[in-house]
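Notes follow the structure.
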Amino acid sequence: MAVRLQDTLTGETRPLEPLEPGHVRIYSCGPTVYGPAHVGNFRSFLFADLLVRYLRYRGLRVTWVMNVTDIDDKIIKRAQEADETIEALGNRWIERFLADAAALRLTTPDVLPRATRHIDEIVGLIERLEAGGHAYRTPDGSVFFRISSWPAYGRLARLDPTQLRVGERVESDEYGKDDVRDFALWKGAKPGEPSWDTALGRGRPGWHIECSAMSMRHLGPSFDIHTGGVDLVFPHHEDEIAQSEAATGAPFVRTWLHCAHLRLGGEKMAKSTGNIARVVDLLEAGVSPRALRYALLAVHYRQGLDYTETALAAAGAAIDRLDAFVAALDLYRQDVADDPEVATVLRASRNAFEAALDDDLNISAALASVFELVRDVNRRIDARSISTADARSILAAVRDLDRVLGLLPDGGVDLDPRVAVLLDDRAAARAARDWSRSDALRDELLGLGVAVEDTRDGQRWRRAESQA
RNA sequence: GGCGACGUGGUGAAGUGGCUUAACACGGAGGUCUGCAAAACCUCUAUUCAGCGGUUCGAAUCCGCUCGUCGCCUCCA
């Protein structure tokens, strides 16, 4: 059974067949670095992360490119306001992005190309478009893509180009376009704005061209999967297809994947409206990163999702359940014969997990298979019917599935020495049946974010994620 | 105005023609275990899938209409 994905362009759900067998090339639209990312941005990054992790789990080689937009109108404006270069501003926010990404356990992309480092590729691409009659210059030194030269324009977004609501809020004709629907490939230099001296003249790249140039540079003229939020379907990805295919004559992307919006207060989360929850703010407020990851990941990517405190708390509780499960398996010791059913249970669980994710990344069903396993195994733990070795192999199997999910607590985390001492003291107090002391130590540990529980296998502890 | 998605319990959500009088998670009620607590386990928590009509031996699942929500057509993940 192969991984099947729903392509935005055709609407079909097709088996993934990489252009190069066994090697999947993926490009994801990444952050625009003029401020901190919000959780909606990360929803789309995490959905791409899930895809990449799953394909790798499936044994495929994946080359994952995520671009960083470090030159655009807003970045220029912010840099001017802060009296710094766009380079410095970009560096600052890239660092913030990487920190947020690490906290949310985003797989590090293989390449994180920056637009400003690909000016040559961008210029080269625009020159090819000009040579092919798909682009034209305006008196101010800008270059535009001529939509009328590309009949397939509008296919991705299912828009009729002649029906676009021209003149309402479409970018004004300040650059002297032939047709208001044409989009900028290159913007002629303006005083006070960063610009590059190139064969096209002085100026800077438009927004869409960078993704065509960088994806081609790092993945070739045709590649397998391109991801992004639905809000990028039009015009960004539509424009990418037009300019890429017009330049190369090759089909640009095999499968387009778009993630639905994250909502806040019932409305789309978007920087422009200020309707956002920033990742960095949440992390600083002590929200558990794993709970946040769970909340953003646990709903199918094409389904709209509301970001709420309730959902975050529920996600934290689900994470706690997983943590308790891992802790129980870790500590479990029972000298009995191996349970012959364990292998069957694990196999069924893995099959269900893979069948779910094969089906266009059905994460809800995949998580269900994990939680069904959790309950089944907890029953066996209660009954003491599995062996120590069984517990080991179950834990190994669950950790293997977690290569895809990235939700389980880190194994072998360094325990704060202070905490270790308290745990030892408490174990000693319990051995001496000194309940008041052991209870006091338990409270103290909880204050340090460590939940202690007593079981037949002894005292066990775990990080109290949902306490955050 | 054009185009599209969606509407399942207290909440999120899977299921898209019979395996489902509906998975899984969260929440709630009761119970078992336990020095206590927590965790875990057990039982219960939608005879019903927005409403109405139709197709079918059979529908949450297909078709039509109605109502409602959200999105795209503009910077945006």
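Hydrogens, waters and symmetry mates are skipped; everything else that's a heavy atom, side chains included, is used. All of these numbers come straight from a predicted model, not from anything done at the bench. Labels below follow one simple rule: chain letters A, B, ... track the order of the sequence lines, proteins then strands, and each chain is numbered from 1.
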Just to be sure I understand the rule, does [X] reach a base, reach only the sugar-phosphate, or reach nothing, if contact means heavy atoms closer than 4.0 Å?
{"X": "Ala270(A)", "result": "base"}
{"X": "Lys268(A)", "result": "base"}
{"X": "Ala356(A)", "result": "nothing"}
{"X": "Leu305(A)", "result": "nothing"}
{"X": "His38(A)", "result": "base"}
{"X": "Asp306(A)", "result": "nothing"}
{"X": "Ala157(A)", "result": "nothing"}
{"X": "Arg321(A)", "result": "sugar-phosphate"}
{"X": "Ser438(A)", "result": "base"}
{"X": "Ala314(A)", "result": "sugar-phosphate"}
{"X": "Glu453(A)", "result": "base"}
{"X": "Asn378(A)", "result": "sugar-phosphate"}
{"X": "Gly40(A)", "result": "base"}
{"X": "Ser272(A)", "result": "base"}

Looking at the side chain of [X], which of [options] is the nearest nucleotide?
{"X": "Asp454(A)", "options": "C36(B), G15(B), A77(B)", "value": "C36(B)"}
{"X": "Arg379(A)", "options": "C73(B), C41(B), A25(B)", "value": "C41(B)"}
{"X": "Arg462(A)", "options": "C26(B), A39(B), A77(B)", "value": "A39(B)"}
{"X": "Pro235(A)", "options": "U74(B), A77(B), A39(B)", "value": "U74(B)"}
{"X": "Cys259(A)", "options": "A14(B), A77(B), G35(B)", "value": "A77(B)"}
{"X": "Arg430(A)", "options": "C24(B), C36(B), A77(B)", "value": "C36(B)"}
{"X": "Ser364(A)", "options": "A25(B), A13(B), C73(B)", "value": "A13(B)"}
{"X": "Asp439(A)", "options": "G35(B), A13(B), A77(B)", "value": "G35(B)"}

Mind checking the [atom1] distance from [N] to [M]? Whole angstroms is fine.
{"N": "A25(B)", "M": "C33(B)", "atom1": "P", "answer": "24 Å"}
{"N": "G7(B)", "M": "G12(B)", "atom1": "P", "answer": "12 Å"}
{"N": "U61(B)", "M": "G18(B)", "atom1": "C1'", "answer": "11 Å"}
{"N": "G71(B)", "M": "G58(B)", "atom1": "C1'", "answer": "36 Å"}
{"N": "G2(B)", "M": "A60(B)", "atom1": "C1'", "answer": "31 Å"}
{"N": "C6(B)", "M": "U74(B)", "atom1": "P", "answer": "23 Å"}
{"N": "C57(B)", "M": "C62(B)", "atom1": "C1'", "answer": "16 Å"}
{"N": "G4(B)", "M": "G64(B)", "atom1": "P", "answer": "13 Å"}

Discussion item. If the condition is side chain to side chain contact (heavy atoms under 4.5 Å, CB included), which residues does Asp281(A) pass it with, not counting sequence neighbours?
Written reply: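 Residues passing side chain to side chain contact (heavy atoms under 4.5 Å, CB included) with Asp281(A): Arg278(A).
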
Any [X] side-chain nitrogen or oxygen under 4.0 Å from OP1 or OP2 of [N]:
{"X": "Arg302(A)", "N": "A5(B)", "result": "no"}
{"X": "Arg375(A)", "N": "C24(B)", "result": "yes"}
{"X": "Gln303(A)", "N": "A14(B)", "result": "yes"}
{"X": "Thr32(A)", "N": "A77(B)", "result": "yes"}
{"X": "Asn362(A)", "N": "A13(B)", "result": "no"}
{"X": "His261(A)", "N": "A5(B)", "result": "no"}

Discussion item. Looking only at the side chains, is there a donor atom on one of Trp64(A) and Ser28(A) sitting less than 3.5 Å from an acceptor on the other?
Written reply: yes

Classify the side chain of [X] and the base of [N] as holding, or not holding, a donor-acceptor pair under 3.5 Å.
{"X": "Asp72(A)", "N": "C75(B)", "answer": "no"}
{"X": "Lys74(A)", "N": "C75(B)", "answer": "yes"}
{"X": "Arg442(A)", "N": "A37(B)", "answer": "yes"}

Discussion item. Both conditions, 6.0 Å and 45 degrees, for the charged tip of Lys271(A) above the ring of Tyr34(A): are they met here?
Written reply: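 Positive - Lys271(A) is close enough to the ring of Tyr34(A) and near enough to its axis.
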
Item to complete: Select from Asp382(A) and Val452(A) the residue whose nearest nucleotide in RNA chain B is closer to the 5' end of that strand.
Response: Val452(A)

Discussion item. Which is more 5' along RNA chain B, the nucleotide nearest His236(A) or the one nearest Glu372(A)? Just name the residue.
Written reply: Glu372(A)

Can you tell me the base-pairing partner of [N]? Count Watson-Crick or G-U wobble geometry only, both distances below 3.5 Å, and say none if there is no partner.
{"N": "C62(B)", "value": "G54(B)"}
{"N": "G4(B)", "value": "C70(B)"}
{"N": "U47(B)", "value": "none"}
{"N": "A39(B)", "value": "none"}

Answer yes when [X] and [Y] have at least one side-chain N-carboxylate O distance shorter than 4.0 Å, and no when they do not.
{"X": "Arg105(A)", "Y": "Asp410(A)", "value": "yes"}
{"X": "Asp179(A)", "Y": "Arg181(A)", "value": "yes"}
{"X": "Arg460(A)", "Y": "Asp330(A)", "value": "no"}

Discussion item. For the aromatic rings, using the six-membered ring if either is Trp, is the centroid distance between His237(A) and His258(A) under 6.0 Å?
Written reply: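 Centroid distance His237(A)-His258(A): below 6.0 Å, so yes.
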
Discussion item. Less than 4.5 Å apart, side chain to side chain, heavy atoms only: is that true for Arg254(A) and Ile225(A)?
Written reply: no

Worksheet item: Side-chain contact, heavy-atom cut-off 4.5 Å: Leu257(A) with Thr8(A)?
Response: no

